[in-house]
Every structure is written in structure tokens, then in C-alpha cells.
Amino acid sequence: MKTKSNKKKNHVPIRMNALFLSVFFLFSVLVLRLGYIQIVKGEEYKRTAYLTENVTTKLDAPRGKMFDANYRVVVDNEPVFSITYTRTREADAVKRHEIAKKLAELIEKDSEELTERDKKDYFIFLNEEEVKKRISTSENENTPPEELYDLMLEKVTQKDIDSLTVQQLEVLAIKSEMDRGYTLSPQRIKIGATKEEIALISEHLPELEGVDIKPDAERSYPFEESFRDIFGQVKQIPKSKMDYYTSRGNDRNDMVGTSFLEEQYESVLRGTKTKIKYVTDKVGNPVGDPVEEDGARGSDLVLTVDMELQQEVETVIEEKLKEAIRGKYAYDNKELKNAYVVMMDPNTGEILSMAGKEYNRKTGKFSDIPFGNIYHSYAMGSTVKGATVLTGLHEGVIDRNTIINDAPLKFGDGRQLKSHANMGPVDAVKALEGSSNVFMWHIAMRLSGYDYSNKRFNEHNVREAFEILRNSYSQFGLGVPTGIDLPSEATGYNTGMSNELFQAMFFSIGQFDTYTPMQLAQYVSTIANGGLRMQPHLLKEIREPSVDPNKLGKLQYRFEPNVINKIEMSPSDIEVVQKGFYEVMHGSNGTAAWIFKNKDYNPAGKTGTAEVDKETGLVNKTLIGYAPYENPEVAFAVVVPDIREGYTNNEIAEGVLDAYFSMKKEGVPTNPESKQTNEEKESR
């Protein structure tokens, strides 16, 4: 027994030694392998590591939606498929051109946006040697190398450009999009590919290196063309604005808002991009599969415009324009083609409706031109007389009791000026009611220091009168930016100064400078609310994107009413003009009383007629106003340019006011705002 026990003990050290020897051998192999990698192969692996690169590209996320004042979707994102091209570093211009030629056979691509420079570049690309031969030896020798290509561009003629075929232009349009993209960054070639195009591309993908089909989003408009121009467009960054956007951190192939609200609120509507991370080899080709980080949709805009009211206003404009064009007033209105309406909350500056219509006599159809309210300006005529009266009251050349005899004015040079009718003695209220030109002319004459006894005036004083009137008008928003939240609004045409007293007199009745319909709306709103010039705005709220399409996202921002300035005139002076505006629509001599005096919404306002062409009889017909008179909730401006005669301005105003107050009585659609959180309720 003892011998057997000793034998068992002797086996244990042998086994332990064998185990230790095995472990030692394995560690030795590992150390040798590490040494080989670090010492023998170290430099090679180090060089290989340096030749790889981490590259991150980005894809646009869906943009934020837009809602109207009643939280109905007016701009949405429609799922579509886009044809994209991802360029590698090996894909030179020749290779991209070959792919573009293949794509042109499979998809339709619009070439209308190609510039003359694009076409010249392409002609040189196709005929480089031929163009070089057109450069003389002396030109070649005397032209610096960096300017040689510019010289080649000069050698490309219009005939060369015209020689490019439709098919070649389509190839160029595709190649231009391919050239815009960064390396490894998918570049859209066509947004919204058809089913047939998707099928053809899918079939030929193996021979279209870098081409792919990706899910995308395209703007859709549930209310079709209504107000669509003001919503704006989304396109790839225009070449003319490339430096601007890239300096702000955008990529060259980004989709951005290029006009109106899309452009104005680009930073809000734009979402967080999807990031795609690549590892590339020494020649820039991807190694392995990319890693993708999801982006997020942009924030949503809630607008001040009520789309139901907007469509009613558009219908009214069309109907009344059509009647006037077809000879309702027995006048030949062959030049008449458009009209504009702005409706605004005078207390907050919210734009309730902004519409414009233009009639095409060839097609017999109307097109929407709401942008004309901020970009087109006209002589507005007597609608500015409210500002003239307030200027006279403020400067002390008249008071509320001043009586002026409205009779023809006779001057030493034989001129005679008069109102549309001789009204006899009138005060400021009656002058506004009957639209007395003579009363306004006397204000301008007194501001000019006119010597009534000798019928003389000082030219220097006339220029001072211009300055006083123009500075006063600007307090109401006439001739200056209104501040509306749209890019690059017009401010009208400043005709300058004159030493002629007659010019100052015509300035005082709205027949010198020009103004936009939006400026008129801001001006009458200032009078309606008692002297505060409110910033007009289309943005009501900004909301976080909601996952549930039936609910609004959390409130991020609400536009608070912004007072740009308070006019210098006293409340008692403003009341004089308000009373005059009331009499325009209710008084026995009111120029618009015949159509408005029995309206239960109790409006006030001022008509205007500005002479455009004395020989042809063309005038601009305007009307501004607000309602109700005691507690105004809506102000408006109507402008009908290039009409001969008639009451189209009054009829449009009646139609849009009737629509507004009728809709108010009927109520509004169910408001999703009723589901707001307690936190949002308190923020109000």
C-alpha cells in the first residue's frame, strides 16, 4: 500500500511540469509573434493604418411642416424616391460623363436651369482640342496659364451652344448634378423618380457605379396652388448663393429654402441630418459597411393665415376682376389684369390673408401672385390723405376746427386745380369723408410757407414740406420696410424732392411716391389701433415635430406682437382721422358709403384713385379700412392697378369683409390647440 501511494505522488510533479512547459511554450510563441509584428512588420502596418481615413457624409432630413392659423397642414412632406450618385475619388470627369450618358437613357431630366456658362463648359469638355485651335499663337503666348480657360470660354460662340442637342443637354443636366456632390456624399440627380425610372435604374444598377435609389421627401401642398408662392420653394443650393450657404456650414449638395417662407425660416424648417460614417482605403474607396446615425425632421411652422379665408379672398378677387374685365361698367378695361388684398389684425400684426390674382387674356385663366403685395408698388391716391391730415394737425398748420373752402384753386401761371367735386367749406373730417383734394393741397401749401396774399412760395420751404410729409408718412410704414417676415420686401419708389409747389401738393394726395399693398395695410392698421405701427408677420408659432400626425408637437416659440414705433400724433388728432374714415363709409357724402353704410360689421376706411395715364384714362383704384369701427379686429388694403373706372376696389373690399365676418359667425374648424398642455396654456 505504501509503495502504491508513493508512485501516485511522483506523477503529480511530472504533470505540473508538463503544464508549465506548455504554457511557457505558448507564451513564447505569442511573444515571438508580437515581436515579429512590431519589429519586422511594424512599419508596414503603420503605413497601412495611415492610409485609411474616417469619412463622414450627411443626408438631409425631412423638413418641418407648415400649418395655417387653424392648425390645418398646408405644407407637408410626401415620400418619394430619388436617384442619387455617390462619387469616389477614382471617378473622374470622363467616368462621370459616361455614367451620365447611361442615366440620360433611363430617366427624364429637366435642363431648363442650365446656364450659358454650363453649356460653354460642356462644349469645351466635348471639343477641347477644337476650341484650343481657335486660340492664336500670340494669344496663347500672352495669356497667363490661369487665364487660359477664360480665353477658351470666350471662343465658344452662340452657334456652338445652339449646336448642343436636346439629348446632350439632358446629359449635361445630369452630369452637373453629379459634379456638385462631395466624395462619398450621395448627390440627388432626380427627386421624385417615376416607377418606370426606378425599375429601369434597378435593372441597370451593376453598370451604373455610384448610382442608387434612396427614399426621400418632396414638398406637397394640400391646398394646391393657394398661397403656394408664399410658402416658397426648396431646391439645391443655387450656384449664386453657394458661398453664402457654405460659409454657414451647409454642404454643397444641401436642399435649402430658396424663396419666401422656406428661405426666411430655413434654420427652423431644416432638420438634423442623417450621418453616414465610412472608413476608406488609400485611394478613397470604402472599406467595409458604413455606420449610419439617424437624423430628425425639422421644426414645424404655424402661420397666421387662415387658408379657408385665403381661398375665399382669392375667389372674390377673381370674380370681381372678371366682371370688370368683361365690361360690367361699360368701360374698356383692356389693361386691367390684376388686383391685391391684404387682411391684417391691426392689434397684433398677424397677416390673416394676403392674396393677388393676375388674369391672362390669352388663356382666360387667373394665376396667383400674392407676392405682389410686398414686391409691387403703385401710386395709391387718396388713401394716404389720413396721413396728410395727421401731418397737418401735428405740424400745427390746421386744427380740428379749421375750415377750408373746397373750391377751384387758381394760380398766377393760369393753372387751376380742383377736387372731383366742389364741396364748399369743409373741416378735416368732411375733407376725408368726401375726399377733398383742395383741403390736402392747402396743408401742403401751408407746410411750404405759401404766401396767400402774393401767391408766392419759397423753393427751400417746398423742399422742407417734402421732408416733413415723407418723414411723417414713414411713421405709418409708407415708403419704409414694414418688417414683414419675408426676404427682401420692396419699399416702393421714392420720387425724390422737388422745388415745385405743385409736386408737393400732389405728394399730399398720393400721386408722387409709390407704396406696396402691405405698406397700405400697415398704415391703416396704425390708424385703426390708435397710433402703434405693428410689425406684420406670417409666423404664429414654432413647434417641435410630432411623432403622431394627428397631434401638434410641443410649443417652442410664439411670435409676440412687435410695436415698431408709435406715431408722434396725439390721440385726439388720430380720433379726427378715425372719424373721417368712419364718415367715408357712413356719411351722406362718403365716397364708399353707398356700399358699406348698412353693414353690421360697422367698417371705416378711405377710398383712393391715382391717375396713371391722363391720355388713356388709366388709374389705380384703392381702398383701405378696418372693422368694426369701435374695436377693430381686421384691417385691409385693396389695390386694383391700371383700371379705367368702376368700383372694383370697393366691391372686392365688400366681398372679403363679408367673407371674414360670415366665417366668424359660422365658427372655425376644430382647433387642435384645445389639446395643449397646461404648461402651454400658462405661457399664453
Side-chain angles (χ1 to χ4, degrees), residues 65-76 78 219-233 259-262 300-325 337-345 350-360 363-374 376 484 486 517-518 521 536-541 601 623 625 627 633-640 648-673:
K65 300 179 181 181
M66 295 189 201
F67 298 82
D68 82 341
N70 291 310
Y71 300 92
R72 291 169 291 206
V73 177
V74 293
V75 180
D76 207 343
E78 180 182 351
R219 286 309 217 187
S220 62
Y221 306 91
F223 287 84
E224 298 179 344
E225 295 303 314
S226 184
F227 211 60
R228 182 167 175 175
D229 284 332
I230 300 301
F231 296 141
Q233 292 184 323
S259 62
F260 298 101
L261 287 169
E262 294 278 13
D300 297 331
L301 302 186
V302 179
L303 306 179
T304 60
V305 172
D306 180 342
M307 287 304 294
E308 187 176 349
L309 174 64
Q310 175 72 19
Q311 291 185 318
E312 285 291 327
V313 171
E314 292 171 357
T315 299
V316 169
I317 296 174
E318 280 194 19
E319 289 177 351
K320 300 307 177 183
L321 270 182
K322 196 178 296 182
E323 290 175 0
I325 290 169
K337 62 179 180 179
N338 49 22
Y340 306 97
V341 172
V342 176
M343 301 184 78
M344 174 176 170
D345 185 330
E350 291 187 356
I351 301 300
L352 309 177
S353 174
M354 186 170 72
K357 287 287 183 176
E358 185 170 68
Y359 182 69
N360 187 319
T363 63
K365 296 181 179 180
F366 284 92
S367 58
D368 285 307
I369 52 168
F371 50 82
N373 286 289
I374 60 169
H376 298 167
I484 188 169
L486 289 173
M518 183 59 67
H537 59 95
L538 290 161
L539 176 68
K540 182 178 181 180
E541 297 171 348
Y601 46 77
L623 180 61
E633 61 183 70
V634 59
F636 67 89
V638 177
V639 179
V640 185
T648 305
N649 54 331
N650 292 8
E651 292 172 347
I652 289 175
E654 178 192 30
V656 300
L657 284 177
D658 285 354
Y660 173 85
F661 286 100
S662 174
M663 289 173 59
K664 182 182 177 183
K665 286 181 180 178
E666 294 172 1
V668 296
T670 302
N671 190 339
E673 183 72 355

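Predicted model, so just to flag it, every value in this text is computed and none were measured.
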Parallel, tilted or perpendicular: ring planes of H376 versus F371, cut at 30 and 60 degrees: perpendicular

Where N373 and G356 come nearest, the two heavy atoms and their spacing: ND2-N, 4.2 Å

Geometric class of the F231/Y221 ring pair [parallel <30°, tilted 30-60°, perpendicular >60°]: parallel

Worked verdict on N70 versus E308 for side chain to side chain contact (heavy atoms under 4.5 Å, CB included): CA-CA 9 Å; N70 291 310; E308 187 176 349; 5.7 Å; no

Verdict with supporting geometry, E350 and H537, side chain to side chain contact (heavy atoms under 4.5 Å, CB included): CA-CA 5 Å; E350 291 187 356; H537 59 95; 3.4 Å; yes

Nearest-0.5 Å distance, CZ of residue F636 to CG of residue L352: 12.5 Å

Beyond-backbone contact of Y601 with V634, side-chain heavy atoms, under 4.5 angstrom: no

Contacts of type side chain to side chain donor-acceptor pair (under 3.5 Å), residue Y660, not counting sequence neighbours: E633

Side-chain donor/acceptor of D658 to backbone N/O of G655, under 3.5 Å: no

Worked verdict on L261 versus L303 for side chain to side chain contact (heavy atoms under 4.5 Å, CB included): CA-CA 10 Å; L261 287 169; L303 306 179; 3.9 Å; yes

Side chains of V640 and K320 in contact at under 4.5 Å (non-hydrogen atoms): no

Spacing of I484 atom CD1 and M518 atom CE [to the nearest 0.5 Å]: 3.5 Å

Q233 to S259 - nearest heavy-atom pair and separation: N-OG, 3.0 Å

Pair D229-I369, side chain to side chain contact (heavy atoms under 4.5 Å, CB included): steps then yes or no: CA-CA 7 Å; D229 284 332; I369 52 168; 5.6 Å; no

Atom pair NZ/CD1 of K322 and I317 - distance to nearest 0.5 Å: 13.0 Å

Heavy-atom closest pair, residues Y359 and I325: CD2-CD1, 3.6 Å

Close side-chain approach of V305 to L538, heavy-atom, < 4.5 Å: yes

Shortest non-hydrogen contact between L623 and A653, atoms and distance: CD2-CB, 3.3 Å

Between NZ on residue K357 and CG on residue D368, distance to nearest 0.5 Å: 3.5 Å

Closest contact, heavy atoms only, M307 versus R72: N-NH2, 3.9 Å

Spacing of E225 atom CD and S367 atom OG [to the nearest 0.5 Å]: 10.0 Å

Residues that K65 engages under salt bridge (charged side-chain N to carboxylate O under 4.0 Å, His left out), provided they are two or more places apart: D76

Under 3.5 Å: donor-acceptor pair, side chain of T304, backbone of I351: yes

Side-chain donor or acceptor of Q310 paired with backbone N/O of M354 under 3.5 Å: yes

P517 to A637 - nearest heavy-atom pair and separation: O-CB, 3.7 Å

Between CZ on residue F227 and CG on residue D68, distance to nearest 0.5 Å: 10.5 Å

